[in-house]
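Position 1 is the first residue of the sequence, and the numbers go up from there.
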Amino acid sequence: MTDHELATKLKELAEAPAPPPRIDLGRARRIGGRRRRVRTTALVLGCAAVVTAGAVTAVSLFRPVPPATAPVATAPGVTPVTPVPADNPMETKASFGWLPGQIEGVEYAVGAHGDAALAVGRGELPPMIWLSVHDQEPPIPGGLGGSPSRIPARVGDRDGYWLTTEANDPLNHGDTYLSWRARDGRWAQLHAYYLAGPDLQQVLTRVAADVRFGNRPVPLPLHITSLPRTFSLSDGYLRRRAGQDGVPWRLVLQYTADGGLATINVSPPGGPTDGLGEPECVTKNGLKACVSFNQPKIGGVTAEELLSRITVLGPDETKWTTHVIG
């Protein structure tokens, strides 16, 4: 949308006698810009810890990082890592059940910038519903200030609450938080924005009530033999943004070892490539796989050698595997 079109719409809203729609276009654009800045900054900081000074020339701008909640204290220069499961680098702590029609697919993210499932739609500002699971009650997101209101909510047969800066608006002007305690004692939270339509409170409580808890490996489109033992997963995501990436999905796995960053990309041909360094790529079984290193060797292997250990399983998701490594 151009600035002229935005100004015209805002003028029409100002002159209309009816209440404005749920989506504030100006605010949505501001939130979108802020989220892009948060995402980019988080990735720069995450990658900088494993790249020597002066070597950073490009950093991923595609990682679907959820908006930050509370900062995590870490030692200077150290990037937190997620322990790699025995044979699958990507697990989800909970899964969506029912989702509204405006949602097109579900993405997954693991690693230093947060573990979450993300239900996402289409468009320049696609509707998003983040699902995260916490061992304790989630901290107050930084953007809400120190004393937001808690409005009681019922999620199935469980008690929960809306977190909002406006006591008379549980949906917090469309930047919505819903938290509740699961049967196993853990806490879950939905963070939704850019959703349109009536009865959004009922929609989101239905989404929450149908969440399925329990760790589950996510099927992935590759198998890796002999992954170096020193590799530690720093970030991973399975993204579904056909309108932005030019492909229906793409997988990125980033590992740190020996002060280096190794990035694996898998997608249908034509998608963008994440990572630092010149990628080594192969197209086979209808998919393109690329490996990029920010230094000649990491974990005792070159990018080309690691690529030779990867088998892509094709675009048919029913043939993807949860046994990825080994």
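- V252 has its side chain within reach of Q254: a pair of non-hydrogen atoms, C-beta onward, lies under 4.5 Å apart.
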Tell me, with the steps shown, if L233 and V110 meet side chain to side chain contact (heavy atoms under 4.5 Å, CB included).
CA-CA 9 Å; L233 184 71; V110 297; 3.7 Å; yes
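- Ion pairing of R186 with D135 is absent here, as no side-chain N (NZ or NE/NH1/NH2) approaches a carboxylate O to less than 4.0 Å.
- The only member of T230, L227, I298 that meets side-chain contact (heavy atoms from CB on, under 4.5 Å) when paired with Y255 is L227.
- Under the 4.5 Å side-chain heavy-atom criterion for ILVMFWY residues, no single connected hydrophobic cluster contains both V247 and V312.
- The main-chain N or O of V218 is found under 3.5 Å from a side-chain atom of N88 such that the two form a donor-acceptor pair.
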Test log, rule side chain to side chain donor-acceptor pair (under 3.5 Å), inputs R154 and T205
CA-CA 7 Å; R154 193 71 174 165; T205 52; over 6 Å; no
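- H191 has its side chain out of reach of M128: every pair of non-hydrogen atoms, C-beta onward, lies at least 4.5 Å apart.
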Derivation and outcome, side chain to side chain contact (heavy atoms under 4.5 Å, CB included), residues W249 and R241
CA-CA 6 Å; W249 58 266; R241 307 284 178 90; over 6 Å; no
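- Using a 4.5 Å cut-off on side-chain heavy atoms (C-beta onward), P148 and T164 make no contact.
- Contact annotation: the side chain of V106 approaches that of L99 to within less than 4.5 Å [non-hydrogen atoms, C-beta and beyond].
- With contacts defined as side-chain heavy-atom distances shorter than 4.5 Å, the pair V207/F96 qualifies.
- Taking 4.0 Å as the cut-off between side-chain N and carboxylate O, R181 and D159 do not count as a salt-bridged pair.
- W180 and I129 fall within the same hydrophobic cluster, defined by Ile, Leu, Val, Met, Phe, Trp and Tyr side-chain heavy atoms under 4.5 Å apart, directly or through other members.
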Mind running side chain to side chain contact (heavy atoms under 4.5 Å, CB included) on N265 and L251 for me, showing each step along the way?
CA-CA 6 Å; N265 290 258; L251 171 70; over 6 Å; no
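- Using modelled atom types and a 3.5 Å distance limit, the side chains of T165 and N172 yield a donor-acceptor pair.
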Under the salt bridge (Lys or Arg N to Asp or Glu O under 4.0 Å) criterion, do E107 and R239 qualify, and how do the steps go?
CA-CA 5 Å; E107 303 180 354; R239 175 179 164 118; 5.1 Å; no
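- The 12-atom threshold is exceeded at CD of Q202, counting heavy atoms of other residues, nucleotides or ligands nearer than 6.0 Å.
- Looking at heavy atoms from C-beta onward, L131 lies out of side-chain contact with L118 at the 4.5 angstrom threshold.
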Carefully, step by step, assess H223 and I310 under the rule side chain to side chain contact (heavy atoms under 4.5 Å, CB included).
CA-CA 6 Å; H223 181 263; I310 296 175; over 6 Å; no
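- Under a 3.5 Å cut-off, the side chain of Q295 and the backbone N or O of K297 do form a donor-acceptor pair.
- Contact detail for M90 and G236: the closest heavy-atom pair is CE-C, 3.7 Å.
- Note that CD1 of I151 and OH of Y161 are 12.5 Å apart. Values are rounded to the nearest 0.5 Å.
- Side chains of L306 and F231 form a contact here, defined as non-hydrogen atoms less than 4.5 Å apart.
- Counting only N and O atoms by type, the side chains of Q189 and S179 include a donor and acceptor under 3.5 Å apart.
- Checked for salt-bridge contact, E317 and R240 meet the test: a charged N lies under 4.0 Å from a carboxylate O.
- Cation-pi geometry between R206 and W98 is satisfied (NZ or CZ under 6.0 Å from the ring centre, within 45° of the ring normal).
- Within the 4.5 Å cutoff, the side chain of V291 has no heavy atoms near those of the P279 side chain.
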